[in-house]
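Working notes, structure below.
Below, chains carry the letters A, B, ... as their sequence lines are ordered, and counting in each starts from 1.
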Protein chains: 2
Amino acid sequence: MDRTDDSLIALRRILRATELYGRDLARDAGLTAVQLRVLQIVAERGSCHPSDVASQMGVSQATISVLIKKLVSYGLIARQISATDRRQVDLSITSAGREKVAVAPDALQQKYVAQFEGLPEWEQAMVVSVLERVAGMLDAGDIDAAPVLAVGEITRHNGAGQGAPTSERERSADVPEDQADQRKAS
Amino acid sequence: MDRTDDSLIALRRILRATELYGRDLARDAGLTAVQLRVLQIVAERGSCHPSDVASQMGVSQATISVLIKKLVSYGLIARQISATDRRQVDLSITSAGREKVAVAPDALQQKYVAQFEGLPEWEQAMVVSVLERVAGMLDAGDIDAAPVLAVGEITRHNGAGQGAPTSERERSADVPEDQADQRKAS
DNA sequence: CACCATAGTTCAAGTTGCAAAGTAATTTTC
DNA sequence: GAAAATTACTTTGCAACTTGAACTATGGTG
């Protein structure tokens, strides 16, 4: 069954390449990989709650809470208590956040899209079909709440940009106290 | 509609499913995902050096050093100074380690292999072919010794000078404290 | 109102990751 | 053949990620 091995190896190469590249890309934006992912999710959804992000990323609420706090302190996303249910928090991306996302496009898109679009039609169709089949084999059963990622645009077509990655990573950060925490504290 | 989007969505489903599933699996084995990965690599290679593992995983030697120390303290892998070059360390998996790996099969294997092997030959071939094609698009053709990837960017201070030399330093007898017990992850 | 559930936050502790500095062995250079 | 450079690895200090547990605030029920 060499074929099984071959397919596993290829799959692992895909995972590895994505992970490593994603790390670099986030770094260039002055964020960590996880922070960038949160930002991308919020950007995609427009408005959502921390728990949505947590479930999509597969991490706990506690984790998201910390990440959001950080991103808020960077001024990349904003928090607002929901009008309908004051336990909930509505997240939204700020213009600064949108800019970041534009500068650091998705890891897959950056490397993959151009090549994919260069394939002949029939091959594109085959790739899509196989990937969907494989995805189905892997996630069967836990499709989870997330309606998958809407993905879609996000500045794809760009191709340009990226000329000057704003990287200012070390921003002492932290100690933002509450600010923006309109809930307790009062 | 956009085949590109379809393929990206599928790809992301694959990444997500794998990541989440791998985490659970490692947890069941009483290890973290990264620790399990190191163990699997050592198990696969039979015998190798820390730098090999580092380069395969895309992390620095320092990181691997810490992970190996932990796994050694758990009794899952063993260290031995190379006979030919005493700077090098030969890693090998212990029987306890082999057992762990067997109990927690590769993250992908568990869910995927059975289904893959149930596919007709021609479809298997197609899957392999497509996955390899996609992997090629993503990892710029090569893993270790990456010739960088052009694509205009990057600041990638790669790090990991890896190579394959040896080193020494005593084995065992080290690891002061450290309790070989590992949290247990509810 | 008492009670439980839900949404988030905070805290303590463990893990990952890296650069920089350090150690030891091997190879190169003069 | 000893200093100098290289290689392989370990340590250390720091920043970030992650989570369980405990806590706050709010919403819903009986």
Checklist entry - When the distance from CG of Leu36(A) to C1' of dA16(D) is rounded to whole Å, what number comes out? => result 15 Å
Checklist outcome for this item: Regarding the side chain of Arg23(A), the nearest nucleotide among dT19(D), dC18(C), dG27(D) is dC18(C)
Checklist entry - Are side-chain N/O atoms of Ser92(A) and Gln80(A) paired as donor and acceptor at under 3.5 Å? => result no
Checklist entry - dT15(C) P sits how many Å from Ile64(B) CD1, rounded? => result 16 Å
Item to check | From dG17(C), dT10(D), dG20(D), nucleotide with atom closest to Arg79(B) side chain | outcome: dT10(D)
Item to check | From Leu39(A) atom CG to Ile93(A) atom CD1, the distance as rounded to the nearest 0.5 Å | outcome: 4.0 Å
Checklist outcome for this item: Side-chain contact check for Thr32(A): nearest option of dG8(C), dA16(D), dA7(C) is dA16(D)
Checklist outcome for this item: When rounded to whole Å, the CG to P distance for the pair Asp90(A) and dA7(C) reads 13 Å
Checklist entry - Which of the following nucleotides, dA7(C), dG17(C), dG20(D), is nearest to the side chain of Arg27(B)? => result dG20(D)
Next on the checklist: Closest approach to the side chain of Ala62(B), judged atom by atom: which nucleotide of dC9(D), dG27(D), dC18(C) is it?
Outcome noted: dC18(C)
Item to check | DNA chain D: 5'-proximal contact among Val34(A) and Asp85(A) (nearest heavy atom) | outcome: Val34(A)
Checklist entry - When you match Ala83(A) and Gln61(A) each to their closest nucleotide on DNA chain D, which lands nearer the 5' end? => result Gln61(A)
Next on the checklist: Just N and O in the side chain of Thr63(B): are any of them under 4.0 Å from OP1 or OP2 of dG17(C)?
Outcome noted: no
Checklist outcome for this item: With the side chain defined as heavy atoms from C-beta on, Val59(B) is closest, among dC9(D), dA7(C), dG17(C), to dG17(C)
Item to check | Phosphate OP1/OP2 of dT11(D) contacted by Lys69(B) side-chain N/O (<4.0 Å) | outcome: yes
Checklist entry - Do the side-chain N or O atoms of Ser51(A) get closer than 4.0 angstrom to the phosphate oxygens (OP1, OP2) of dG8(C)? => result yes
Item to check | Interatomic distance, Lys70(B) NZ vs dG14(C) C1' [rounded to whole Å] | outcome: 7 Å
Checklist entry - Considering only dT15(C), dA7(C), dC17(D), which nucleotide approaches the side chain of Gln88(A) most closely? => result dA7(C)
Checklist entry - When rounded to the nearest 0.5 angstrom, what is the spacing between CD in Glu132(A) and CZ in Arg13(B)? => result 7.0 Å
Next on the checklist: By nearest atom, which of the nucleotides dG27(D), dC9(D), dG17(C) is closest to the Arg86(A) side chain?
Outcome noted: dG27(D)
Next on the checklist: Just the rounded figure in Å: distance from P of dT10(D) to NE2 of His49(B).
Outcome noted: 12 Å
Next on the checklist: Below the 4.0 Å mark, does dC18(C) have OP1 or OP2 next to a side-chain nitrogen or oxygen of Ser60(B)?
Outcome noted: yes
